[in-house]
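Residue indices begin at 1 and follow the sequence shown.
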Amino acid sequence: MKKGRLVSLPSLREAARRNPDSVLPRQRAEIRPSAFLVSWGQEKLFCIRTYGCQANVRDSEILRLFLLQMGMKETEDILRADFVLFNTCAIRENAENHLFGELGRIKASVLSRRAFVAIGGCMMQEEKPVSTLLSRYPFVRLLFGTNNIERFYELLEQALREEDTYVDVRSQPQALVEYECEQEKGRLSPYSAFVDITYGCDNFCTYCIVPYTRGRERSRRKEDIVREVLALKERGYRQVTLLGQNVDSYGKDFHGPYAFADLLESVAQTGIDRIRFTTPYPSDFNAKVFSVMARYPNIMPSLHLPVQSGSDAILRRMNRRYTREEYLNVVRLLRSMIPDVFLTTDIIVGFPGETEKDFQDTLSLCEECQFDGAFTFLFSPRPGTPASRMEDTATDEEKHDRFERLKDRIDQLATKSASRTVSTTVPVLFEEVSKRDPSRISGYDEHGRLVHVTGDKSLLGTIRPVDILESHTYSLIGALHDEGPSF
């Protein structure tokens with residue numbers, strides 16, 4: 001292995017440690033680049049490649065702001081960039097393969113132009129990928145993780161002054177930092193924003209690497225969250241999405257009465273046009289949350305509620321803290337209080353020990369819930385998690401057959417759900433111009449469905465009624481309500 005400057009290496013064993021009595025320091029920091037970094041960064045081009053969930057996207061926005069503050073300019077062409085940053089995901093093995101493939105593709109360009117390559121994110125919290133990078137990709141100059149993003153300027157300056165790879169990955173979060181800088185300049189959209197409310201996860205589902213890569217659960221203060229939403233509203237943002245690995249665990253680390261339902265109500269009272277949140281955990285949901293959703297029209301009637309399996313036996317092996325019936329009871333309560341809710345989920349196929357009966361239980365749960373859509377995954381063992389050591393009896397052929405059967409059923413349910421929108425009028429927040437057809441403007445309705453209309457850039461950032469003309473299952477074709485059909 002190449003040694004480099006190894007300040008701190010990842011340790012999954014260390015990352016798993018939890019001390020419920022310890023309190024992380026909370027810091028307010030106006031993070032600015034040094035004169036050295038500004039001098040180095042002026043007019044250089046940077047490119048960020050982001051993999052994974054919305055939490056990674058939000059981290060990339062913060063890192064993007066840091067680079068812009070150095071005087072750098074952004075490019076989408078990775079082969080032209082003077083600075084390349086990969087913000088990685090560790091949820092599935094193919095994320096690693098994709099990263100290593102990209103590094104191989106850009107190697108010649110990086111070496112010929114002496115471009116600087118940095119890699120951060122969840123994958124860097126694992127021992128094996130870091131070891132592979134140090135041994136096989138010596139042109140990578142900086143490795144850091146999810147727990148020290150606020151020290152990015154310090155890490156980058158150290159790496160620039162070194163002639164070797166600089167590695168600083170902390171297995172435990174060091175502090176909860178509130179950034180005192182113009183964060184909007186780093187955001188990828190001027191209309192819709194992600195707002196972190198919690199970080200980390202303490203659930204330790206047996207298949208999941210997130211509690212190791214994102215650290216312990218910790219909540220931001222209500223005042224800081226509401227202040228951020230108000231600032232976004234004042235700058236013309238129309239929508240916020242509250243982010244957390246388990247949003248309904250919000251406030252548990254404060255050991256007080258103020259919980260997620262209270263925060264959701266506080267954010268709704270800011271008056272921002274649209275509020276979404278992801279991702280909740282089924283056993284932490286309650287009628288109080290649904291009551292708040294039902295009372296405030298600016299909280300969108302859509303919910304992503306991961307179930308993972310419809311089999312009690314598999315849910316136990318996954319260490320999911322609910323039964324099939326408890327999940328169904330949550331769905332029944334939700335639909336009784338918000339009848340038009342758009343409900344999606346996550347499902348894993350081929351978990352170790354899954355039988356055909358377990359799989360049939362998952363199919364029947366989908367029928368009972370009538371999901372509007374779902375993300376379906378073949379089980380991918382992550383080194384260091386308990387599930388990676390579980391005995392498996394199903395063949396790859398059986399797993400792929402189940403996956404295809406589940407996908408077909410979810411597609412049928414999604415098609416049925418989407419077809420109900422045809423000939424209705426829905427409010428759409430328009431967010432982007434199609435890259436393939438500049439005359440097509442796209443946005444999302446209240447239920448989170450993608451809608452395309454013919455229009456121009458004046459629609460961007462507006463919420464307009466749209467008549468739905470066609471359903472393509474995972475996207476809808478419409479026309480502005482006051483302009484008549486255009487498709």
Write down the atom of [X], the atom of [Y], and the distance for their closest heavy-atom approach.
X      : Y      : answer
Ile31  : Gln69  : O-NE2, 3.2 Å
Leu6   : Leu134 : CD2-CD1, 4.0 Å
Thr279 : His304 : CG2-O, 4.0 Å
Asn56  : Asn87  : O-ND2, 3.0 Å
Ser219 : Gly251 : OG-N, 3.0 Å
Tyr327 : Thr345 : OH-OG1, 3.6 Å

Spell out, as yes or no, whether a donor-acceptor pair under 3.5 Å connects the side chain of [X] to the backbone of [Y].
X      : Y      : value
Ser22  : Asn19  : yes
Gln172 : Arg17  : yes
Gln183 : Leu65  : no
Thr376 : Lys407 : no

By salt bridge (charged side-chain N to carboxylate O under 4.0 Å, His left out) - contacts of Asp445 (at least two apart): Arg449
Aromatic plane relationship, Trp40 with Phe83 - under 30° parallel, 30 to 60° tilted, over 60° perpendicular: perpendicular
Tyr153 and Phe66 aromatic ring geometry - parallel, tilted or perpendicular at 30°/60° bounds: tilted
Test of ring centre spacing under 6.0 Å for Tyr322 and Tyr281: yes
Cation-pi geometry met for Arg161 and Phe36 (6.0 Å, 45°): yes
Ionic contact status for Asp456 with Arg440, cut-off 4.0 Å: no
Electrostatic pair Arg220-Glu228, nearest N-O below 4.0 angstrom: yes
Derivation of the side-chain hydrogen bond (donor to acceptor under 3.5 Å, both in side chains) call for Gln245 and Arg214: CA-CA 9 Å; Gln245 299 301 325; Arg214 286 279 171 182; over 6 Å; no
Test side chain to side chain contact (heavy atoms under 4.5 Å, CB included) applied to Ala394 - qualifying residues, sequence neighbours left out: Asp392, Glu398, Lys399, Arg402
Verdict with supporting geometry, Ser192 and Arg238, side-chain hydrogen bond (donor to acceptor under 3.5 Å, both in side chains): CA-CA 6 Å; Ser192 182; Arg238 310 300 302 272; over 6 Å; no
From OG (Ser189) to CZ (Phe194), nearest 0.5 Å: 9.0 Å
CZ/Arg13: more than 12 non-hydrogen atoms of other groups inside 6.0 Å: no
Full working for side-chain contact (heavy atoms from CB on, under 4.5 Å) between Arg405 and Phe359: CA-CA 10 Å; Arg405 281 188 282 157; Phe359 177 69; 3.7 Å; yes
Sole residue of Leu156, Asp82, Val84 in side-chain contact (heavy atoms from CB on, under 4.5 Å) with Phe116: Leu156
